[in-house]
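Below: the structure, in structure tokens.
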Amino acid sequence: SVWPHGSTDKLPYLTMGSGSLAAMAVFEDGWKVGMSKDECAELVHQAIRAGIFNDLGSGGNVDLTIITKDGVEILRNMDVANPRKYRREYKFPIGTAEVLNYSERQIPKEGEEEQAAAGGDVEMTE
């Protein structure tokens with residue numbers, strides 16, 4: 001893994017995100033050296049399910065991406081572990097919410113901020 005600040009780790013497995021503690025518990029319990037591709041996929045499946053059921057922000061379906069030297073296999077919606085039972089449909093007519101304030105500004109191109117800060121003229125174009 002490569003972390004945002006640049007450090008690296010070489011580990012047999014890694015979990016990240018809001019459900020990572022629950023997922024890590026599954027890996028710590030179930031991972032072993034020499035697992036087959038199918039065993040690994042099932043372990044990851046169970047780890048993601050643990051994250052889903054133990055974290056409110058982890059969604060409800062399991063997607064797996066299996067990366068090997070032979071290619072990539074993407075399994076979308078492999079499991080819908082926690083489907084939504086209720087879904088609200090909000091249908092507000094256009095104009096329901098009044099716009100109280102509106103403003104617009106130009107974003108300087110790269111390098112123009114320094115030129116403006118140094119007192120130079122910057123031509124803004126659309």
Side-chain angles (χ1 to χ4, degrees):
S1 66
V2 179
W3 296 92
H5 59 276
S7 70
T8 61
D9 288 321
K10 186 174 182 179
L11 304 165
Y13 51 84
L14 175 73
T15 64
M16 298 178 79
S18 59
S20 66
L21 292 177
M24 181 59 77
V26 172
F27 280 125
E28 288 174 346
D29 182 57
W31 183 83
K32 59 186 183 284
V33 175
M35 293 176 73
S36 71
K37 178 178 134 180
D38 290 340
E39 288 173 321
C40 290
E42 182 56 27
L43 183 63
V44 171
H45 175 202
Q46 295 305 319
I48 294 171
R49 283 180 61 90
I52 288 169
F53 286 107
N54 291 284
D55 175 65
L56 294 176
S58 287
N61 64 311
V62 177
D63 297 334
L64 290 183
T65 301
I66 301 170
I67 304 170
T68 66
K69 63 181 179 183
D70 299 322
V72 176
E73 182 180 357
I74 299 172
L75 304 170
R76 293 279 297 151
N77 294 318
M78 176 187 171
D79 181 13
V80 182
N82 192 17
R84 290 186 180 177
K85 292 183 174 74
Y86 309 100
R87 178 177 230 109
R88 290 191 180 205
E89 296 292 330
Y90 296 104
K91 297 190 189 303
F92 298 109
I94 293 175
T96 299
E98 180 184 353
V99 176
L100 300 177
N101 187 358
Y102 178 83
S103 67
E104 194 174 295
R105 69 182 182 98
Q106 293 288 330
I107 299 174
K109 294 178 184 169
E110 188 174 318
E112 290 179 346
E113 288 180 5
E114 293 83 11
Q115 184 179 350
D121 291 330
V122 176
E123 180 181 328
M124 299 300 244
T125 60
E126 291 188 29

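Just so it is clear, the values below take in all heavy atoms, side chains as well, and ignore hydrogens, waters and symmetry mates.
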Listed partners of K37 passing side chain to side chain donor-acceptor pair (under 3.5 Å), at least two apart: E73
Hydrophobic clusters join Ile, Leu, Val, Met, Phe, Trp and Tyr when side-chain heavy atoms are under 4.5 Å apart, directly or via other members; which others share one with [X]?
X   : result
V80 : none
L64 : Y13, M24, V26, F27, W31, V33, M35, L43, V44, I48, I52, F53, V62, I66, L75, M78
I74 : I67, V72

query: For residues 64-83, which residue pairs qualify under ring pair (Phe, Tyr, Trp, His ring centres under 6.0 Å), counting only residues two or more places apart or in two chains?
result: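 Those involving residues 64-83 do not exist here.
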message: Could you work out, with salt bridge (charged side-chain N to carboxylate O under 4.0 Å, His left out) as the rule, every residue matching K10, not counting sequence neighbours?
response: none
Any residue meeting side-chain contact (heavy atoms from CB on, under 4.5 Å) with [X], in chain and number order, not counting sequence neighbours:
X   : value
E89 : R87, K91
D70 : T68
T96 : F92, P93

message: Would you compute the distance between atom NE2 of H45 and atom SG of C40 and round it to the nearest 0.5 angstrom?
response: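 With rounding to 0.5 Å, NE2 (H45) is 14.5 Å from SG (C40).
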query: About how many Å separate CG of N82 and CG of N61, when rounded to the nearest 0.5 Å?
result: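 N61 atom CG to N82 atom CG measures 10.0 Å (nearest 0.5 Å).
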query: For A50 and A23, which heavy atoms make the closest approach, and how far apart are they?
result: CB-N, 4.5 Å
Could you give all pairs that pass the salt bridge (Lys or Arg N to Asp or Glu O under 4.0 Å) test and reach [range], with sequence neighbours left out?
range          : result
residues 57-67 : D63-R76
residues 13-28 : none
residues 46-58 : R49-D79

field: Residue L56 excluded, over 12 heavy atoms near CG under 6.0 Å
entry: no
